[in-house]
J.: 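Mind having a look at this structure? Questions to follow.
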Amino acid sequence: MGSRSITNTILLFVVVGSFLKASLGATSNDSFWLLKIQSQFNDSMGVFSNWSPSSSICTWNGIQCSDDQTQVVGMNLSNAGLSGSISPDISSLVSLQKIDLSMNHLTGLIPPELGQLQDLQELLLFSNYLSGHIPVELSYLKKLQVLRLGDNQLTGEIIESIGELTELRVLALAYCQLNGSIPSQIGNLKQLKSLHLQANNLGGTIPKEISGCQELQDFAASNNRLEGEVPSSMGQLKSLEILNLANNTLSGSIPSELSGLSNLKYLNFLGNRLSGEIPVEIVQLPQLQNLDLSSNNLSGNISLLDFSGNINLEALALSGNSFTGGFPKNLCSQNSSLRIVLLLGNHLSGNFPSELLKCSSLEVLDISDNNFENELPAQLDKMQSLTDLLLNNNSFSGGLPPEIGNLTNLVSLYLFDNMITGEIPTEIGKLQKLSVLYLYDTQMSGNIPSELMNCSSLSEIDFFGNHFSGPIPDTVGKLKNLVFLQLRQNDLWGPIPISLGYCKKLQTLSLGDNKLTGSLPKTFGFLTELTLLSLYNNSFEGPLPESLSLLKNLTIINISHNKFYGSISPVTSSSMLSLLDLTNNSFSGPVPSELALSKNLMRIRLGHNHLNGTIPSQFGQLNDLNFLDLSFNNFTGELPLQLSNCKKISHFLLSNNQLSGMAPSWLGSLNDLGELDLSSNNFTGAIPHELGNCSKLLKLSLNQNTLSGQIPKELGNLTGLNVLKLQRNNLSGTIPETLGGCKKLFELRLSENTLTGSIPPELGTLTELQVILDLSTNNLTGEIPSSLSNLIKLERLNLSYNQLNGQVPESLGTLTSLHALNLTHNHLSGKIPKTFQNFPPNSFSDNNFTCDGSSCPLTAQHELSNAAAAGIVVAIVFSATVICLYLLYLMLRIWCKWKQASIADGGNGGGVVIGKDGDQSDEYWDLNKIKKKDVSVSMTSCIFNQDSMSRESSKRILV
């Protein structure tokens with residue numbers, strides 16, 4: 001009895017012990033470590049809400065225990081919103097077989113202590129923010145089958161000892177920052193089925209040892225820096241289904257040995273430097289579904305490729321190579337699965353591929369950027385499944401076939417940059433799914449058909465650069481999904497339809513360069529999504545509708561070169577503006593200060609209007625402003641100091657206004673200034689020497705003001721200056737020698753000032769001067785420097801109205817580009833260079849030149865004029881002599897008759913008796929009234945008049 005009691009007691013202890021081991025063994029020790037691991041995490045989703053010492057850990061969220069509940073074998077906290085770091089104490093859970101902490105926000109290092117988990121089979125840490133290197137200790141995990149560490153911030157190289165994980169099936173290290181090369185030890189992973197290394201910085205070559213991975217089905221190493229050739233040994237990977245090596249720098253030819261990949265379904269070599277022809281065996285791989293060889297240096301006639309052995313092909317992409325010929329053979333069989341063909345950017349030619357018309361399954365066809373030509377076939381509608389048709393940038397001609405309207409599944413149609421003519425067929429209105437229609441830069445004409453407005457799915461229309469005419473259809477408002485409308489550079493006329501305002505999703509409206517008229521409809525106020533409004537170069541008129549102020553998303557407005565008038569306030573309400581161009585209209589009134597609320601404004605162009613008032617000081621808040629054009633308006637007042645804050649401004653154009661005050665010194669602080677035009681204003685004071693700090697200045701125009709003082713020598717620091725205009729001011733002093741530092745000047749105008757001193761020889765170093773060198777109407781003295789002969793590109797030289805003396809340097813005759821020369825009104829002397837004889841005399845007048853011989857332009861012209869004058873005088877004198885002799889003859893005859901009459905009527909005492917009806921006596925009576933004295937005076941006057949006429953004729957010849 002006693003022995004039985006002892007036995008029962010021992011049995012009870014065994015049973016209780018087993019129960020305690022079962023109930024506490026997985027809790028007492030592991031719960032301690034689990035709670036310690038938990039302390040390193042931040043729980044944003046409450047995943048640890050039931051992690052309590054009072055409950056069995058096998059019921060805790062994310063914890064998996066063994067079948068006998070004695071060990072923790074799994075931890076799955078994927079996508080649990082955890083942050084923090086992975087505790088090294090996780091190595092204390094020695095029975096763990098799977099750890100999944102993927103898709104969280106974990107940071108820090110991967111604990112090397114994980115290498116102690118000898119039973120671990122799966123380690124999933126992908127899609128976190130883990131950093132550092134891959135611990136070499138992971139190679140101790142001899143049972144590991146799945147290692148996924150991708151989509152982290154890991155750096156360093158792939159550890160060579162990775163080859164010791166001989167049970168590994170999945171190795172995923174993609175989307176990290178790993179460098180180095182792919183270790184050759186990868187070839188030791190005989191069980192490996194999936195290898196993902198894409199989107200790292202891996203370099204070097206693909207190891208040929210990879211052929212040892214005989215079970216490999218999926219190999220992706222795209223978007224790295226791999227180089228060298230594709231190893232031919234990869235053809236031994238008989239199980240391979242996916243091979244993606246896109247976007248590397250692989251070179252050489254595609255190895256024909258890849259034809260041994262009988263199970264290959266996906267082959268992508270996009271974006272490498274592969275060359276040569278495509279091995280015909282590749283395109284006949286029986287299981288191949290997707291082939292992408294785009295963006296390489298491949299060549300050859302692809303019409304020789306035969307796809308007859310491949311009925312599973314779904315996508316073919318050969319874009320961006322140098323392929324020639326027409327279209328591959330047998331690409332579309334009767335049972336073809338082909339859905340996508342991308343052949344853009346090659347040198348393919350010929351007619352539209354008739355082979356494609358057999359592809360009833362084809363959904364996407366892109367043969368753009370090739371040399372296809374002639375008309376599009378009417379049989380296009382055989383491709384009933386087509387959703388995207390891209391034929392742009394070819395030489396297709398003829399009209400758009402009406403059968404295009406039968407492609408009822410068509411979503412996008414790209415025909416731009418072809419030579420297609422004729423009108424848009426009305427049948428296009430049947431394309432209810434059409435979303436994108438790009439016909440720009442063709443030669444199409446005619447009206448925009450109203451039937452197009454039935455394509456209710458249209459979101460983008462681009463007809464830029466055609467010959468479309470007529471009005472915009474009144475029913476355009478039916479296109480409720482329209483986002484982009486580009487009708488620029490056509491011959492459209494008439495007003496903008498009121499219904500356009502009902503296209504409430506419209507974001508881009510570009511109607512520039514047409515013949516549109518009328519005012520803007522008030523319904524524009526409904527286009528609240530509009531970001532770009534371009535109406536430039538039309539004949540719109542009237543004031544802007546106030547409803548434009550409702551368009552708060554506008555970023556670009558260009559309504560320049562129209563006939564708008566009134567206030568510009570309606571287009572200044574958007575605080576999103578980056579560009580505003582109202583040039584060449586008739587806007588009036590002040591510029592609203594509210595315009596400065598658009599903090600992103602970079603370009604303001606208000607030139608050639610009738611705007612007045614002062615320049616808003618609030619413009620100084622526009623820190624990104626780089627172009628300000630207020631020229632040809634009626635602005636008054638001084639330049640606001642606040643504009644000095646616009647440090648990015650490169651074009652500052654204020655010419656032809658009524659601005660006054662001093663030219664401010666702060667202009668010199670605008671370091672990005674490339675063009676400054678303050679001309680034709682009322683600025684006074686000196687030219688600020690600080691302008692010499694504007695090292696990027698290309699054009700400086702301060703002409704036609706009342707500036708005074710000297711030309712700052714600091715302007716010579718502007719080594720990139722192309723144009724300098726300071727004419728018509730009150731500048732004095734000498735021309736600074738430092739201007740010789742402006743080596744890129746091609747136009748220099750300093751005329752109509754009161755400059756003194758001599759012409760600096762340094763101007764002769766400005767060898768890029770071409771348009772003009774104008775120093776006229778000053779008080780310059782001294783001689784013309786011979787260094788000006790270096791200005792071999794100069795076309796016009798004006799030194800007139802100064803006090804220059806001495807001789808004209810003979811070397812100036814080498815200026816062969818010179819076609820306009822003015823040296824008049826100086827004190828120049830000596831001989832004029834012979835090479836200047838082709839210039840007119842008035843180029844040298846009012847000087848002290850002396851010249852002789854036929855080579856002198858002044859003498860040659862003068863002698864010619866005197867000879868002509870002498871000839872005229874001789875002719876006139878001869879004519880006058882003949883006339884006088886004839887008059888003398890008449891007088892003698894009269895005298896003779898008078899003598900006869902006197903003898904016959906001697907009884908009358910010598911008086912003259914005139915009969916009442918004597919006609920003849922009347923004739924003689926009138927002649928006898930002409931006294932000898934009168935005749936003498938008349939003759940003398942005649943001769944003097946002829947002499948005077950000869951002088952006037954001579955003057956006319958000179959003129």
Side-chain angles (χ1 to χ4, degrees), residues 392 412-417 424 435-445 447-448 452-453 455 458-474 476-521 523-541 544-545 547-548 551-564 570-571 574 576-585 602-603 605:
N392 52 283
S412 59
L413 176 59
Y414 295 78
L415 295 176
F416 60 89
D417 277 324
I424 299 174
S435 176
V436 178
L437 179 58
Y438 280 8
L439 303 180
Y440 65 84
D441 276 338
T442 63
Q443 300 178 26
M444 302 190 75
S445 58
N447 291 355
I448 298 174
L452 183 63
M453 308 306 129
C455 301
L458 270 174
S459 63
E460 298 182 32
I461 297 176
D462 195 339
F463 293 170
F464 162 78
N466 279 283
H467 305 291
F468 292 117
S469 57
I472 300 171
D474 288 335
V476 66
K478 294 167 61 176
L479 303 178
K480 304 298 184 184
N481 294 301
L482 198 60
V483 174
F484 181 93
L485 179 58
Q486 164 85 284
L487 303 179
R488 189 163 56 98
Q489 288 190 20
N490 280 282
D491 298 315
L492 300 171
W493 47 263
I496 296 177
I498 294 174
S499 70
L500 184 61
Y502 303 134
C503 301
K504 296 183 180 180
K505 294 183 180 181
L506 199 61
Q507 297 178 13
T508 297
L509 176 60
S510 181
L511 306 179
D513 272 328
N514 278 286
K515 300 174 182 177
L516 299 169
T517 56
S519 58
L520 301 187
T523 53
F524 263 34
F526 298 141
L527 304 177
T528 54
E529 298 297 316
L530 201 63
T531 60
L532 185 150
L533 176 61
S534 178
L535 308 176
Y536 72 92
N537 203 19
N538 280 284
S539 296
F540 294 117
E541 57 187 3
L544 299 176
S547 58
L548 289 181
L551 309 184
K552 304 297 185 182
N553 290 308
L554 277 172
T555 60
I556 296 176
I557 299 176
N558 186 352
I559 57 175
S560 62
H561 300 278
N562 280 286
K563 301 175 183 178
F564 292 116
V571 291
S574 172
M576 307 289 290
L577 283 176
S578 63
L579 183 152
L580 177 63
D581 193 344
L582 310 182
T583 306
N584 200 16
N585 281 282
M602 294 186 290
R603 297 171 70 90
R605 304 194 66 173

J.: According to ring pair (Phe, Tyr, Trp, His ring centres under 6.0 Å), who are the partners of F484, at least two apart in sequence or on a separate chain?
T.: none

J.: Got a sec, which residues hit side chain to side chain contact (heavy atoms under 4.5 Å, CB included) with I556, two or more places apart in sequence or on another chain?
T.: L532, S578, L579

J.: Could you tell me whether the side chain of I559 reaches within less than 4.5 Å of the side chain of F540, counting heavy atoms only?
T.: no

J.: I'd like to know whether NZ of K480 has more than 12 heavy-atom contacts from other residues, nucleotides or ligands below 6.0 angstrom.
T.: yes

J.: Minimum heavy-atom separation for N562 to L535, with atom names?
T.: ND2-O, 3.0 Å

J.: For P570 and P545, which heavy atoms make the closest approach, and how far apart are they?
T.: CB-O, 3.5 Å

J.: Is it true that a side-chain atom of D462 and a backbone atom of Y440 form a donor plus acceptor pair closer than 3.5 Å?
T.: no

J.: Working note: I461 + L479, criterion side chain to side chain contact (heavy atoms under 4.5 Å, CB included); need CA distance, chi angles, decisive distance, verdict.
T.: CA-CA 11 Å; I461 297 176; L479 303 178; 3.9 Å; yes

J.: Going by side chain to side chain donor-acceptor pair (under 3.5 Å), D513 matches just one of N538, N537, N490. Which one?
T.: N537

J.: Quick check: do L554 and V571 have side-chain heavy atoms less than 4.5 Å from each other?
T.: no

J.: Quick one: sort the Y414 and F416 rings into parallel, tilted or perpendicular, breaks at 30° and 60°.
T.: perpendicular

J.: Identify the two heavy atoms, one from N447 and one from S469, that lie closest to each other, and give their separation to 0.1 Å.
T.: OD1-O, 3.1 Å

J.: Closest heavy-atom contact between T583 and N585?
T.: O-ND2, 3.3 Å

J.: What I'd like to find out is whether the side chain of L533 reaches to under 4.5 Å of the side chain of L527, using heavy atoms alone.
T.: no

J.: Could you work out, with side chain to side chain contact (heavy atoms under 4.5 Å, CB included) as the rule, every residue matching N558, not counting sequence neighbours?
T.: S534, Y536, S560, D581

J.: Can you tell me how far the CG atom of L580 sits from the CZ atom of R603, to the nearest 0.5 Å?
T.: 11.5 Å

J.: Short question: side chain of T555, backbone of T531 - any donor-acceptor pair under 3.5 Å?
T.: yes

J.: Provide the closest heavy-atom pair for M453 versus I448 in the form atom of the first, atom of the second, distance.
T.: CE-CG2, 4.1 Å

J.: What residues form a ring pair (Phe, Tyr, Trp, His ring centres under 6.0 Å) with F468, not counting sequence neighbours?
T.: F463

J.: Identify all side-chain donor-acceptor contacts of residues 497-509 below 3.5 Å with residues at least two apart in sequence or on another chain.
T.:
from	atom 1	to	atom 2	distance (Å)
S499	OG	D474	O	2.4
S499	OG	G477	N	3.1
K505	NZ	N481	OD1	3.0

J.: First locate atom SG of C455, then atom NZ of K478, and finally report the distance between them rounded to the nearest 0.5 Å.
T.: 9.5 Å

J.: Please give me the minimum heavy-atom distance between M444 and T442, naming the atom from each residue.
T.: CG-OG1, 3.2 Å

J.: What residues form a ring pair (Phe, Tyr, Trp, His ring centres under 6.0 Å) with F524, not counting sequence neighbours?
T.: none

